[in-house]
Amino acid sequence: MHGTSARNIPPLPAAPAAEKAGERPAEAGRPVTFAGTVGLYMPADARVQASDTAVLFVGSWGFEELCARKFWRLLAEDLGRQGIASLRFDFPGTGDALDPEDCSAGLDIWLQSIASAAAALRDLSGGRRLLLMGHGIGAALAWRAAEMIDDVAGIAMAAPATSGRRWVREFMALSRIADHGAIKHATPPGGPAMGEQTIPDAILAGIRALDISRREKAAAPEVLVLSPEGRADAAFLDHLGSLGVQVRTAPFEGYDLFVRDVLLSIPPRAAIGRLVDWACGLKGTQTPAAPALPESRPLAGDGFTETPVRFGEGERLYGVLCEPQGPRRGATVMMLSTGYDRMSGWGRITTRICRDLARAGIPAFRFDFANVADSPPCPQAPAQVMYSESLVSDVGEALAFLEARGLSPVVLTGRCSGGYTAFRSAIRYGAVKAVVPVNPFDFALAPDKDVDALINASLQPLASYGEKMRSGGFWKRVLRGEVDVVRGVRNLSRMILAKGTATALPLLVRFPFLSRNVTAAARDFKAVAANGTRVSLIYSEGDIGVPNLEARFGKRGYLLARYDNTSLAFLADADHNLTTAPARQYWQAELEKTARQFHP
């Protein structure tokens with residue numbers, strides 16, 4: 001096919017407005033396991049004619065992949081409505097996949113997993129023609145994998161990283177911003193890192209050598225490139241044209257808001273629309289062969305077995321059950337997600353803890369809340385689900401699932417907002433035997449609480465405001481109108497009030513009508529104690545949630561001693577995300593000790 005310079009082709013039309021949440025499919029994607037990894041298959045909508053063309057998603061790595069998880073789900077749902085089936089999956093050693101036993105094959109391990117995913121997608125959908133959609137470094141990996149796969153009709157590249165060496169350099173620079181305030185590791189990693197998660201050296205070497213801007217043969221006849229505004233790579237686009245590729249281009253509007261932070265990430269609806277339009281323009285007209293039903297066989301790891309599952313009303317929630325290969329030795333630990341992180345957790349901490357618990361004989365269950373990562377929204381829940389009571393209802397569905405599997409009793413745990421939801425769930429569900437909240441920002445929120453303001457306030461400790469005020473760069477941003485001064489003053493006032501409340505706590509305890517928050521916290525801890533539920537609170541020293549703890553229960557929470565069911569510990573040299581091995585190991589040891597107090 002004759003190639004054309006991408007700059008001579010008009011951009012694709014803007015995407016239509018987003019659908020109402022209630023119109024989205026109620027079911028989560030269908031889990032499938034293959035080649036030591038987990039995929040989520042989204043079939044074509046049964047109400048439309050299925051196409052013989054299917055889409056394989058090739059993700060990025062690290063916080064880019066975390067931000068894109070919900071993006072992929074929304075895109076898969078929209079493609080399904082157009083009769084196009086899709087599959088998204090984890091590279092070996094990432095997300096919910098098993099860790100490779102030997103990494104000496106380097107980047108071929110990841111490339112072969114893409115080929116295995118393509119074969120699985122063809123079996124599941126019955127379609128033969130494939131479109132590959134890659135994001136970040138996943139775009140370059142999609143190109144290289146397409147050179148190994150037959151019948152790839154097109155490749156879509158969203159904010160592509162054409163050079164692996166440049167991607168590594170930029171990722172490490174962005175990581176220093178994303179990990180601001182993190183405890184530094186004794187031995188700094190030589191490549192991209194998220195907490196303890198790193199890319200194995202052999203695979204990293206292959207990524208550094210990756211450069212698709214120098215490939216001499218087209219991997220697919222059709223290519224769509226979505227470039228962040230003002231950052232189109234004209235030389236790469238011209239190179240594609242020289243290879244005889246039909247190139248389409250469009251802006252990736254809102255990209256910076258998409259990957260700035262997992263907690264604040266905004267899925268780019270316009271980009272989703274453009275990708276769907278492109279795929280629809282290339283889909284085949286033939287009806288696919290009869291598709292196969294996805295098989296969610298367990299994955300057997302070193303001392304554990306993991307089974308991806310759908311559960312809840314209408315199978316609306318997606319999770320992974322991690323069980324011991326040997327005898328069970330305690331209660332099941334349910335790990336609740338933080339913010340909008342997928343269930344594997346920041347730096348894969350949740351996956352790691354679940355597997356280590358299973359090796360110790362303790363079952364563990366992790367899942368995505370509704371409207372987080374791979375679980376679709378609940379029509380009755382608010383759009384902003386963080387700190388919502390709808391999450392507590394999701395926990396109820398998970399408790400029912402575990403009970404039906406004979407996996408009671410249950411210990412709940414979570415970090416930050418996950419710790420908050422764990423505590424609130426212990427109030428509602430008396431069947432919860434113990435709860436281990438880690439760095440919860442607070443214990444209760446008023447129904448009219450501005451959650452968005454709370455999230456912004458929780459992103460930085462009180463001391464950071466002093467640092468900003470002494471920074472000339474900060475005041476320049478204020479003058480340029482880049483800082484929400486009103487919100488900043490409101491957040492600062494709340495923190496100062498919390499400090500003042502902690503100082504005045506002896507008076508407030510004596511006269512509780514002076515503080516509604518102190519009274520509510522005491523009432524809730526009494527309710528948990530009445531349920532017979534044990535509480536093990538863990539805080540990092542100086543964590544953002546400590547001022548609220550002290551405002552409710554005095555300096556270093558000394559008033560919690562009145563509750564016989566409650567313990568409190570502070571971790572030195574630990575950050576909010578518990579990114580270092582000693583902090584994670586303390587959390588895991590506390591969970592193991594707590595779970596073993598109960599008989600299966």
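Computed from a prediction, not measured in an experiment: that's the story for all the values here. We count residues from 1, following the sequence as given. Side-chain atoms are counted along with the backbone in the values below, which use heavy atoms only and exclude waters and symmetry mates.
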Student: Before giving the answer on side chain to side chain contact (heavy atoms under 4.5 Å, CB included), spell out for C354 and M335 the whole-Å C-alpha distance, their side-chain angles and the decisive distance to 0.1 Å.
Tutor: CA-CA 8 Å; C354 286; M335 301 201 66; 3.8 Å; yes
Student: Stepwise, does the ring-ring contact (aromatic ring centres under 6.0 Å, His included) test hold for Y41 with F34?
Tutor: CA-CA 12 Å; Y41 173 66; F34 57 91; over 10 Å; no
Student: Between D78 and R269, is there a salt bridge with N-O shorter than 4.0 Å?
Tutor: yes
Student: Parallel, tilted or perpendicular: which describes the rings of F252 and H135, with under 30° parallel and over 60° perpendicular?
Tutor: tilted
Student: For N577 and T579, does a side-chain donor sit closer than 3.5 Å to a side-chain acceptor?
Tutor: no
Student: May I ask you to decide whether R73 forms a salt bridge with D368, counting only side-chain N to carboxylate O separations under 4.0 Å?
Tutor: no
Student: Do you know which two heavy atoms are closest between M194 and L66, and how far apart they sit?
Tutor: CE-CD1, 3.6 Å
Student: So how far is it from I266 CD1 to L264 CG, rounded to the nearest 0.5 Å?
Tutor: 8.0 Å
Student: Is any side-chain heavy atom of E313 closer than 4.5 Å to a side-chain heavy atom of E397?
Tutor: yes
Student: Check this for me: does any side-chain nitrogen of one of D356 and R584 sit under 4.0 Å from a carboxylate oxygen of the other?
Tutor: yes
Student: Would D277 and R248 count as a salt bridge (Lys or Arg N to Asp or Glu O under 4.0 Å) here? Give the steps.
Tutor: CA-CA 12 Å; D277 288 346; R248 301 293 301 267; over 6 Å; no
Student: As an exercise, state the distance from CG of L87 to CE of M42, rounded to the nearest 0.5 Å.
Tutor: 11.0 Å
Student: Set out, in order, the CA-CA distance, both residues' side-chain angles and the distance that settles side chain to side chain contact (heavy atoms under 4.5 Å, CB included) for V38 and V320, then state yes or no.
Tutor: CA-CA 10 Å; V38 181; V320 171; 5.7 Å; no
Student: Looking at D90 and R342, does any basic side-chain N land under 4.0 Å from a carboxylate oxygen?
Tutor: yes
Student: Testing the basics here: between D99 and G93, what is the closest heavy-atom pair and its distance to 0.1 Å?
Tutor: OD1-CA, 3.4 Å
Student: If you define the side chain from C-beta out and look only at heavy atoms, does anything of C103 sit under 4.5 Å from I109?
Tutor: yes
Student: Got a second to check how far R359's CZ is from C322's SG, nearest 0.5 Å?
Tutor: 8.0 Å
Student: Quick one: are W61 and I199 in side-chain contact, heavy atoms under 4.5 Å?
Tutor: yes
Student: Looking at every non-hydrogen atom in both residues, tell me the closest pair between L121 and S86 and how far apart they are.
Tutor: CD1-C, 3.9 Å
Student: Do S242 side-chain atoms and H239 backbone N/O form a donor-acceptor pair below 3.5 Å?
Tutor: yes
Student: Between W346 and G195, what is the shortest heavy-atom contact and its length?
Tutor: NE1-N, 4.3 Å
Student: Apply side chain to side chain contact (heavy atoms under 4.5 Å, CB included) to the pair D394 and V385, showing each step before the final yes or no.
Tutor: CA-CA 11 Å; D394 292 346; V385 297; over 6 Å; no
Student: For T53, enumerate each residue passing the side chain to side chain contact (heavy atoms under 4.5 Å, CB included) test, keeping only those at least two apart in sequence or located in another chain.
Tutor: S51, R129, L131, K283
Student: Which pairs, with at least one residue in residues 142-157 and sequence neighbours excluded, count as a side-chain hydrogen bond (donor to acceptor under 3.5 Å, both in side chains)?
Tutor: W143-E147, R144-E147, E147-R215
Student: Taking the side chain as C-beta and beyond, is there a heavy-atom pair between R415 and D341 under 4.5 Å?
Tutor: yes
Student: Would you say R122's side chain and R128's backbone share a donor-acceptor pair under 3.5 angstrom?
Tutor: yes
Student: Hey, could you give me the CG/SG distance between L263 and C67, rounded to the nearest 0.5 Å?
Tutor: 10.0 Å
Student: Identify the two heavy atoms, one from V223 and one from W278, that lie closest to each other, and give their separation to 0.1 Å.
Tutor: C-NE1, 4.3 Å
Student: Enumerate the salt bridge (charged side-chain N to carboxylate O under 4.0 Å, His left out) contacts for residues 297-310, please, sequence neighbours excluded, ordered by first and then second residue.
Tutor: E27-R310, E295-R297, E306-R355, E306-R366, R310-E315
Student: Per the salt bridge (charged side-chain N to carboxylate O under 4.0 Å, His left out) rule, which among R30, R69, R316 passes with D374?
Tutor: R69
Student: Any ion pair linking E253 and R274 (charged N to carboxylate O, less than 4.0 Å)?
Tutor: yes
Student: Measuring only between side-chain heavy atoms, which start at C-beta, is H576 closer than 4.5 Å to T338?
Tutor: no
Student: Does P192 reach the side chain of W167, with side-chain heavy atoms less than 4.5 Å apart?
Tutor: yes
Student: Please give me the minimum heavy-atom distance between I349 and W587, naming the atom from each residue.
Tutor: CD1-CZ3, 4.0 Å
Student: Between S296 (side chain only) and V309 (backbone N and O only), is there a donor and an acceptor less than 3.5 Å apart?
Tutor: no
Student: Can you tell me how far OG of S163 sits from CG of D211, rounded to the nearest 0.5 angstrom?
Tutor: 5.0 Å
Student: If you measure from OG on S390 to CG on N371, what distance do you get to the nearest 0.5 Å?
Tutor: 8.5 Å
Student: State, yes or no, whether a side-chain contact exists between V55 and L75 at a heavy-atom distance under 4.5 Å.
Tutor: no
Student: Set out, in order, the CA-CA distance, both residues' side-chain angles and the distance that settles side chain to side chain contact (heavy atoms under 4.5 Å, CB included) for L40 and W72, then state yes or no.
Tutor: CA-CA 10 Å; L40 278 172; W72 287 141; over 6 Å; no
Student: Can D256 and R231 be counted as an ion pair, charged N to O under 4.0 angstrom?
Tutor: yes
Student: Under the ring pair (Phe, Tyr, Trp, His ring centres under 6.0 Å) test against F367, which residue among F401, F311, Y318 passes?
Tutor: F311
Student: Evaluate the side-chain proximity of E77 to P376: yes if any heavy-atom separation is below 4.5 Å, no if none is.
Tutor: yes
